[in-house]
Amino acid sequence: MKVVRSVCPYDCPDACGLVVSTEDNKVVKVQGDPEHPFTRGTLCPKMAHYERTVHSSQRISTPLRRSGVKGSATFVPVSWEEAIACITTQWQDIIAQYGAEAILPYSYAGTMGLVQRNAGHPLFYSLGASQLERTICSPAKGCGWNAVMGQTMALHTNEIHDSDLIILWGIHALATNIHIMHDINSAKKRGAKVWLIDTYENPTAKIADRVIVVRPGTDGALALGMMHVIARENMTDREFIKRYVKGFEELNTTVLPDYEPAAVSELTGIAAADIEEMARLYAQARAPYIHLGSGLSRYSNGAMTVRAITCLPAVVGAWAKPGGGLFASTSTGAAFDTQRITREDFQDKPARTLNMNQLGQILNEVNNPPIMSLYVYHSNPAAIAPDQNRVLQGLARENLFTVVHERFMTDTAKYADIILPATTSLEHSDIYRSYGHYGVQRTRAVIPVVGQAKSNWEVFCLLAEAMEVKHPFFTQSADDVIDSILAQPSDWLASSKLEALRAGQPIELPLPVGYKTEFKTASGKIEILNENEAEPLPKFVKPHGDKADFWLVNAPDMRLLNSSFNERDDLTQTNKMLLKMNPEDAAGKGLKNGQLVTAYNERGEVTFILEVTTSVPAGVVVTEGVWWLEHAPGNRSVNALTSQRLTDQGRGSTFYDVKVNVRSADNDKSDKCAG
Ligand SMILES: Nc1nc2c(c(=O)[nH]1)N[C@H]1C(S)=C(S)[C@@H](COP(=O)(O)OP(=O)(O)OC[C@H]3O[C@@H](n4cnc5c(=O)[nH]c(N)nc54)[C@H](O)[C@@H]3O)O[C@H]1N2
Ligand SMILES: Nc1nc2c(c(=O)[nH]1)N[C@H]1C(S)=C(S)[C@@H](COP(=O)(O)OP(=O)(O)OC[C@H]3O[C@@H](n4cnc5c(=O)[nH]c(N)nc54)[C@H](O)[C@@H]3O)O[C@H]1N2
Ligand code: SF4
Ligand SMILES: [Mo]
């Protein structure tokens, strides 16, 4: 038996250290790495049996060519030579007729490794293909943070350990960021209180001392209401504000008067007395710490919401207190010279940029040139992109040449003309950083490739050769590229334990002493007032919504990661595609627990299994997880309801800024029979 270190490759802030045991070139066990500084030897239930994904009988093992109708998943195996030749011929014809911008790459974060994730950029830059604006996750969150904090370094999450009030704001931490529980538990043992502020009592509520249920998209008003009370009752930290904050007086005199608790209660659905009490407890805490999720930024007012919340710790001086502050996400971009992977310099002239949230529009509307080929790698847009009906309509276009590089027969792969089999993270090399901590780690393949799988890096090198993109860059291996990055490290990386990193050990990027009050903004202060913003001061803006009865919160599921892990029957056998509804709402509509219901709006209709539960407030319905269509009770999954609208800043997705009506699906069936 061999035991080798690796890293969890999924799009999760934890980026866990793994210890992988292999026997006869097969993975037999996957465990957490006790030496990993953040994850400390534990894993989530998804990865505890990663070997079941790696050696799944559902893995795509050879290249495939379509032999039936698009979407029907009928394919015949072909050789790699045939597959690459087919793509090359199609692309050469398309480029000759429409120009290279008729080719669109589509990728996101099936793997977070820097090399494999970005491996397509050099080729698509070289070809002059359309560029993809990769903003499906949470760019509005970044914009909201930047407006107030600029480039200030993110908190080290071990601050949690010293906090006495930990606010999980719009984050289902037990599912999406479970390793912060190490520090939450130790803080709780020392008396810290935990609050969850969310649109429903998500399963993380069970570790919270207090759950505050807020109306979707109104957290900005809540934050301003809390600041109103804090200012009114003279609970601000005047010394801190004087030294470190710009614009509190302007906020206090021109904005906060509009946010009296009664008015904020109307907007948020939280009782005025609760808002007052929250403000007092927050201001009086020794070291209040806010851990901010991303869900609340996926609204048309997302950046402004995050901006308002980000002002709170400034007003009470939390940053100066050990254990206090606000965590949004870690940015370690400066540690790595990713230009060595992405090679923007390979692009001769600027190509147009298309937004990944608007794939439905892009594929169906006449563009100049139209998109004639889509190359999808480590993403599953047929399931995860908003407005599924439009996306599927586009993917079904007979004249669209679609290539999908995948590990499994996803909803997107079913629409491919050519499928290429992809490696898992244990079959290729990479280097990882995290958006939840300061750990970084290098990995090497642990087992030989399964079947004929190839990594993203290898496939793009093959395609470059076939498309006659002649540059020695494309003759390197992934290891060569990683070695070249580590051979000329940035100052930040060089100041860390570089030898250990090269040897595959998890290491942490060092943080400068006093970083918590080193505010990297134009003024050097926290900018509640920021003249470079269209709105110099934060305020509450209503979310967009739709004309329908219920807000639809479509939150993460513990057992899935976006649409990944749908292949794992051991995780996902039961409770697929539930729609949670409050008992009063269900009674009002004559709906019963366990029955099939249809949620619908102007974009689509989706069948769910109804769960009647008090964990959801009136006027809101909740579904967890992005499911493959084969797991759906009807013929669509959640994203048939979500919209292609973009956020106020950052051109991000607005998955949660959506409303639906709900009816019994039993009637649907009898209608169909009657017709
Ligand atoms: N198990 C699992 N883990 C995951 C993922 C997954 O799908 N499953 N996805 C991964 C990805 S890609 C990401 S980006 C990360 C982080 O993903 P995030 O989007 O930060 O996910 P959560 O942390 O659960 O935050 C979503 C929570 O926000 C709540 N919410 C929605 N609207 C509002 C609102 O207006 N106000 C408030 N206060 N709360 C609101 C939802 O009810 C839900 O509980 O998680 C990653 N980890
Ligand atoms: N309704 C709704 N929709 C959402 C969200 C939501 O909260 N609600 N969350 C959104 C968010 S935050 C995000 S980040 C996006 C994420 O969307 P995606 O990044 O598309 O994530 P996945 O659905 O996990 O799809 C990743 C695919 O990559 C494949 N893969 C894994 N490793 C490799 C590899 O090395 N090479 C190749 N070629 N393939 C590989 C996996 O098999 C998997 O099918 O989804 C978004 N969609
Ligand atoms: S999905 Fe997240 S919590 Fe689970 S093993 Fe991977 S990084 Fe860790
Ligand atoms: Mo994400």
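Order of listing sets the numbers, starting from 1, for every ligand and every atom in it. Because only heavy atoms are used, hydrogens play no part in the values below, and waters and symmetry mates are left out as well, while side chains stay in.
Residue Cys137 approaches ligand 1 through these ligand atoms, each under 4.0 Å from one of its heavy atoms: 14 (S). Applying the 4.0 Å criterion to heavy atoms of Gly293 picks out, from ligand 1, the atoms 20 (O). Of all atoms in ligand 2, listed by their number and element, those nearer than 4.0 Å to a heavy atom of Val626 are 2 (C), 3 (N), 4 (C). Of all atoms in ligand 1, numbered sequentially from 1 with element shown, those under 4.0 Å from a heavy atom of Met558 are 1 (N). For ligand 1 and Val553, the ligand atoms under 4.0 Å from any heavy atom of the residue are 41 (C), 42 (O). Atoms of ligand 1 lying under 4.0 Å from any heavy atom of His172, numbered from 1 in the order shown and given with element: 22 (P), 23 (O), 24 (O), 25 (O), 44 (O).
For atom 3 (N) of ligand 1, the closest heavy atom belonging to the protein is Ala175 O, 3.2 Å. Shortest contact from atom 10 (C) of ligand 1 to any protein heavy atom: Asp11 O, 3.1 Å. Here the heavy atom of the protein found nearest to atom 2 (C) of ligand 1 is Leu560 O, 3.1 Å. Closest to atom 21 (O) of ligand 1 among all protein heavy atoms lies Pro556 CG, 3.4 Å. Of all protein heavy atoms, the one closest to atom 19 (O) of ligand 2 is Ala109 N, 3.0 Å. In terms of protein heavy-atom proximity, atom 33 (C) of ligand 1 is nearest to Thr199 CG2, 3.4 Å. Remark: minimum distance from atom 41 (C) of ligand 1 to any protein heavy atom is reached at Asp198 OD1, 3.3 Å.
Using a cut-off of 4.0 Å between Lys/Arg side-chain N and Asp/Glu carboxylate O, Glu427 and Lys454 are scored as not salt-bridged. Ion pairing between a basic and an acidic side chain is recognised when a charged N comes within 4.0 Å of a carboxylate O; Arg52 and Asp570 show such pairing. Taking 4.0 Å as the cut-off between side-chain N and carboxylate O, Asp274 and Arg210 count as a salt-bridged pair.
Looking at Cys12, Pro216, Gly170, it is Gly170 that brings a heavy atom closest to atom 28 (O) of ligand 1. Here atom 38 (N) of ligand 1 lies nearest to Asp219 when heavy atoms of Thr268, Leu296, Asp219 are compared. The closest heavy-atom contact to atom 31 (C) of ligand 1, among the options Tyr656, Tyr435, Phe565, Phe655, comes from Tyr656. Which of Asp557, Leu561, Val620 comes nearest to atom 1 (N) of ligand 1 through a heavy atom is settled by distance: it is Asp557. Between the choices Leu292, Asn562, Thr176, Asp657, the shortest heavy-atom distance to atom 47 (N) of ligand 1 belongs to Thr176. The option with the heavy atom closest to atom 43 (C) of ligand 2, from among Met112, His378, Glu406, Arg407, is Glu406.
Looking at Asn355, its side chain does come within 3.5 Å of a backbone N or O of Arg651 through a donor-acceptor pair. Asp546 places no side-chain N or O within donor-acceptor distance of the main-chain N or O of Asn601, the cut-off being under 3.5 Å. Judged by distance alone, with hydrogens and angles left aside, the side-chain atoms of Ser429 form no donor-acceptor pair with the main-chain N or O of Ala478 at under 3.5 Å. A distance-only check finds no donor-acceptor pair linking the side chain of Arg444 to the backbone of His428 [under 3.5 Å]. Judged purely by atom type and a 3.5 angstrom limit, His182 uses its side chain to pair as donor or acceptor with the backbone of Thr39. Judged by distance alone, the side chain of Arg215 and the main-chain N or O of Val620 form no donor-acceptor pair under 3.5 Å.
Ring-plane geometry between Phe460 and Tyr377 is classed as perpendicular, the angle between the planes exceeding 60 degrees on a 0 to 90 degree scale with a lower cut at 30.
Contact annotation: Ser138 has no heavy atom less than 4.0 Å from any atom of ligand 1. Within the 4.0 Å heavy-atom shell around ligand 1 one does not find Tyr108. Ligand 1 has at least one atom lying under 4.0 Å from a heavy atom of Tyr299. Close to ligand 2: Arg298, with a non-hydrogen atom less than 4.0 angstrom away. Proximity of Lys46 to ligand 1 is established by a heavy-atom distance of less than 4.0 Å.
Counted by atom type alone, Thr613 and Ser615 present one or more donor-acceptor pairs between their side chains at under 3.5 Å. Between the side chains of Tyr435 and Asp11, at least one donor N or O sits under 3.5 Å from an acceptor N or O.
Counting heavy atoms under 4.0 Å from ligand 2, residue Val638 touches it through the side chain alone.
Remark: aromatic rings of Phe38 and His437 are close, center separation under 6.0 Å.
By the 6.0 Å and 45° rule, Arg134 does not stack over the aromatic ring of Tyr106.
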